[in-house]
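Okay, so here's the structure we're looking at.
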Amino acid sequence: MDLYEYQGKDLFRRVGIPVSDGRLATTAEEAREAAEELGGPVVVKAQVLTGGRGKAGGVKLAEDPTDAEAKAHDILGLDINGHVVRMLWIEPASDIEREYYLSVTFDRGAKKPLFMFTTQGGVEIEQVAEESPDALVRLHVDPLEGFQPWVARRLVYGGGVEDPSEQKQIAAIVEKLYRVFVEFDAMLCEINPLIVTPEGEVKALDSKFTVDDNALYAHPEIAEMRDNAAADPLETFAREKGVTYVKLDGEVGVLANGAGLGMSTVDVVAHAGGRPANFCDLGGGGSAEGVVDALEVITRDEQVRSIFFNIFGGITRCDEVARGILAALERLDMSRYPIVVRLDGTNAEEGRQILADAGRENIHPEATMLDGARRAVELAGAA
Amino acid sequence: MAIILDNDTRLVVAGLTGSEGRFHGLRNRAYGTNLVAGVTPGKGGQDVEGVPVFDTVADAVSEAGANTSLIFVPARFAVDAIYEAVDAGIDTVICITEHIPAHDMLRAYTYFRGQGTTMIGPNCPGVLSPGKANAGIIPAEIFSEGSVGLVSRSGTLTYQIGHELTQLGLGNSTIVGIGGDPVVGSSFVDVIAKFEADEQTELIVLVGEIGGDEEEKAAAYVAAHVTKPVLAYIAGFSAPPGKTMGHAGAIISGSSGTAQGKKEALEARGIEVGTTPTEVAQMVATRLR
């Protein structure tokens with residue numbers, strides 16, 4: 001789960017990483033009030049879960065409250081990479097002497113947290129890594145050893161920070177960043193830029209923060225930060241229904257049991273010349289009720305023209321899936337969808353029989369995954 | 001011989017008295033696996049269909065001679081169960097549990113790798129050595145004994161490929177589901193090394209998916225260390241970046257972890273990659289004939 005800048009900064013503040021005091025605004029009026037409270041020039045920053053805000057015109061300096069209101073008016077409603085701006089973060093404008101970069105990420109390849117630091121901040125880190133790799137200090141932390149002060153020293157000295165006060169402040173931020181990374185089960189904590197003001201004060205001017213979805217049960221206050229209004233409404237509906245669903249851009253609705261088989265089914269539909277509408281994993285259980293929920297999610301996508309069930313029963317029982325399909329036909333308006341069903345594995349014979357006995361015209365049984373995909377693609381074209 | 005599980009396996013199920021643990025544990029026993037014990041704190045002294053239940057894994061080791069632990073307990077207790085098994089001297093730990101936080105698993109990984117324990121999973125279907133032993137949720141009836149070593153990040157996709165192999169008259173030495181999480185106990189490389197050393201295995205099939213770089217590492221390892229033929233399948237060519245596709249580990253981050261990138265890395269090392277599960281099975285059949 002990705003956090004907004006202001007949410008990440010809130011977590012930074014909790015562990016003592018210096019950030020500016022700011023206000024959240026959802027209207028131009030609120031932005032003006034925030035600027036009044038803060039006093040002096042402010043920065044109006046779009047809160048969106050995507051990069052490239054600055055270039056898209058989502059970050060603007062405002063001289064006074066009236067200007068803040070005008071800038072907020074410009075930014076609200078802006079579409080940044082498909083994300084519509086509905087929230088703004090207003091904070092006092094900071095004077096910037098230097099811009100650095102600091103992050104800690106979950107390096108699954110090395111199976112260790114990875115710190116990255118460079119004094120060439122304020123630009124994309126990938127660019128620094130490519131153009132001047134020597135300027136980027138990379139350092140892994142042993143997860144059992146945890147943070148030790150030498151880690152911060154290696155980063156600060158290795159990065160070439162010369163001012164003793166800066167060295168000390170950055171080292172303290174490194175320690176706190178590791179603490180927030182572990183405490184909140186983060187997959188990524190990034191400060192870009194980490195600035196030095198003309199007065200020599202080091203602080204985080206931005207935050208990028210991603211928390212492990214599997215750890216949200218341990219952090220209910222972070223789980224509550226999720227902004228459902230910003231998410232794809234179909235994916236939000238799927239989450240509420242407990243259905244694992246990712247929307248794609250096509251016409252063939254896909255349901256499979258298991259993530260790997262689900263991804264493979266989507267690929268095979270594409271291989272058969274079709275365009276998959278979604279990825280949907282019924283999960284290991286695949287109860288009749290789960291099937292109904294999944295179909296309800298999939299058919300909310302108006303692009304869908306045909307549906308392909310690809311089930312390989314293990315724990316999932318094919319007879320249960322067949323009952324779910326019939327229950328969905330009773331409860332949802334499914335008449336316009338041809339449904340191709342391929343059942344194999346546990347109780348496949350019973351499942352096929354249940355569907356055959358029901359004698360529904362829009363159910364098309366197929367014997368193999370490949371034939372099923374071809375048929376579903378063909379029927380999507382005809383529908 | 002097969003790998004990880006064989007006729008010497010003495011299985012203890014953590015969570016045997018729970019509904020999942022009981023169902024699958026007994027199913028594994030019915031297959032012929034030597035299920036020697038269950039562990040549920042507070043239920044020591046009871047039994048499940050004649051299988052003794054102990055309070056601790058240490059008791060299961062000392063009193064029932066358990067050497068392999070199969071973990072079915074819920075996510076928030078699973079990491080504790082992994083440490084307990086490792087510290088009780090269990091050789092092989094197989095964890096089926098899904099949704100374990102990545103940081104918890106990272107610390108556990110760093111610990112048990114230092115102890116020399118073989119760990120499979122979490123978020124995996126388990127391990128099956130056809131004709132010998134089954135530990136986990138893999139439906140054994142769709143696989144037969146043979147010479148193909150199968151290692152996969154997925155469950156049902158593995159069943160699909162195993163089913164296609166069976167229909168072509170081919171069997172497996174061992175099927176290993178390594179799991180779909182960002183950090184798993186054994187990587188492709190770990191399992192491929194075991195298959196390379198296993199007499200029964202003649203050919204290895206790697207079933208990968210988007211996310212991470214374990215397929216790329218496996219490609220380099222195979223080129224340097226493996227004499228047996230290796231074939232591959234990768235799922236997720238149509239997956240969009242930044243979306244978790246069912247498995248916590250199945251996510252394309254920026255431009256890394258794509259199916260196309262993995263396919264190219266494998267092919268660059270001479271490992272053929274099938275376009276569909278059916279094609280992979282046919283490629284295996286061609287190689288073995």
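Naming: A, B, ... by sequence-line order, numbering from 1 per chain. Keep in mind the model is a prediction, meaning the values are calculated, not measured.
- Heavy-atom pairs under 4.5 Å with chain B peak, among A:Val269, A:Thr244, A:Asp344, at A:Asp344.
- For A:Val268, the part lying under 4.5 angstrom from a heavy atom of chain B is the side chain only.
- Heavy atoms closer than 4.5 Å to chain A are found nowhere in B:Ile138, neither backbone nor side chain.
- For B:Thr156 (side chain) and A:Asn257 (main-chain N/O), a donor-acceptor pair under 3.5 Å exists by modelled atom type.
- Only the side chain of A:Asp142 comes within contact range of chain B, with at least one heavy atom under 4.5 Å from a heavy atom of that chain.
- The backbone N or O of B:Ala235 lies less than 3.5 Å from no partner atom in the side chain of A:Asp267, so there is not a single donor-acceptor pair.
- Proximity to chain B (any heavy atom under 4.5 Å) is restricted, for A:Phe106, to the side chain, taken from C-beta onward.
- Remark: A:Arg275 CZ is packed, more than 12 non-hydrogen atoms of other residues, nucleotides or ligands lying under 6.0 Å away.
- Pairing each heavy atom of B:Ile137 with each of A:Ile315, the nearest pair is CD1-CD1, 3.5 Å.
- When each of B:Glu209, B:His247, B:Met245 is checked for heavy-atom pairs under 4.5 Å with chain A, B:Met245 comes out on top.
- With sequence neighbours excluded, no residue forms a side-chain hydrogen bond (donor to acceptor under 3.5 Å, both in side chains) with B:His103.
- Of the two parts of B:Thr275, only the side chain, counted from C-beta on, holds a non-hydrogen atom closer than 4.5 Å to a non-hydrogen atom of chain A.
- Only the side chain of B:Glu214 comes within less than 4.5 Å of a heavy atom in chain A; its backbone stays farther off.
- At a 4.5 Å heavy-atom cutoff, the contact between B:Tyr111 and chain A is made by backbone and side-chain atoms alike.
- Both the backbone and the side chain of B:Gln160 have a heavy atom closer than 4.5 Å to some heavy atom of chain A.
- Scanning both residues, A:Met369 and B:Pro277, for their nearest heavy atoms gives CE-CG, 4.0 Å.
- Looking only at side-chain heavy atoms (C-beta outward), B:Thr276 and A:Ser264 stay at 4.5 Å or farther from each other.
- Under the 4.5 Å side-chain criterion, counting only non-hydrogen atoms from C-beta, B:Ile142 is in contact with A:Phe312.
- Between B:Ala250 and A:Met263 the shortest heavy-atom distance is CB-CE, 3.7 Å.
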| task | Mind running salt bridge (Lys or Arg N to Asp or Glu O under 4.0 Å) on B:Lys243 and A:Glu235 for me, showing each step along the way? | result | CA-CA 11 Å; B:Lys243 296 279 184 187; A:Glu235 289 181 9; 3.0 Å; yes
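- Considering every non-hydrogen atom in both A:Val266 and B:Ser238, the closest pair reads CG1-CB, 3.4 Å.
- When atom types are taken as modelled, the side chain of A:Lys111 and the backbone of B:Val184 share no donor-acceptor pair closer than 3.5 angstrom.
- Minimum heavy-atom separation, A:Ala215 to B:Pro101: CB-CB, 3.8 Å.
- Closest heavy-atom contact between A:Pro143 and B:Leu106: CG-CG, 3.9 Å.
- A donor-acceptor pair under 3.5 Å is formed between the side chain of A:Asp212 and the backbone N or O of B:Ala102.
- Both the backbone and the side chain of A:Phe181 have a heavy atom closer than 4.5 Å to some heavy atom of chain B.
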| task | Could you check A:Glu145 against B:Arg107 for salt bridge (Lys or Arg N to Asp or Glu O under 4.0 Å), going step by step and ending with a plain yes or no? | result | CA-CA 10 Å; A:Glu145 180 183 331; B:Arg107 283 184 289 269; over 6 Å; no
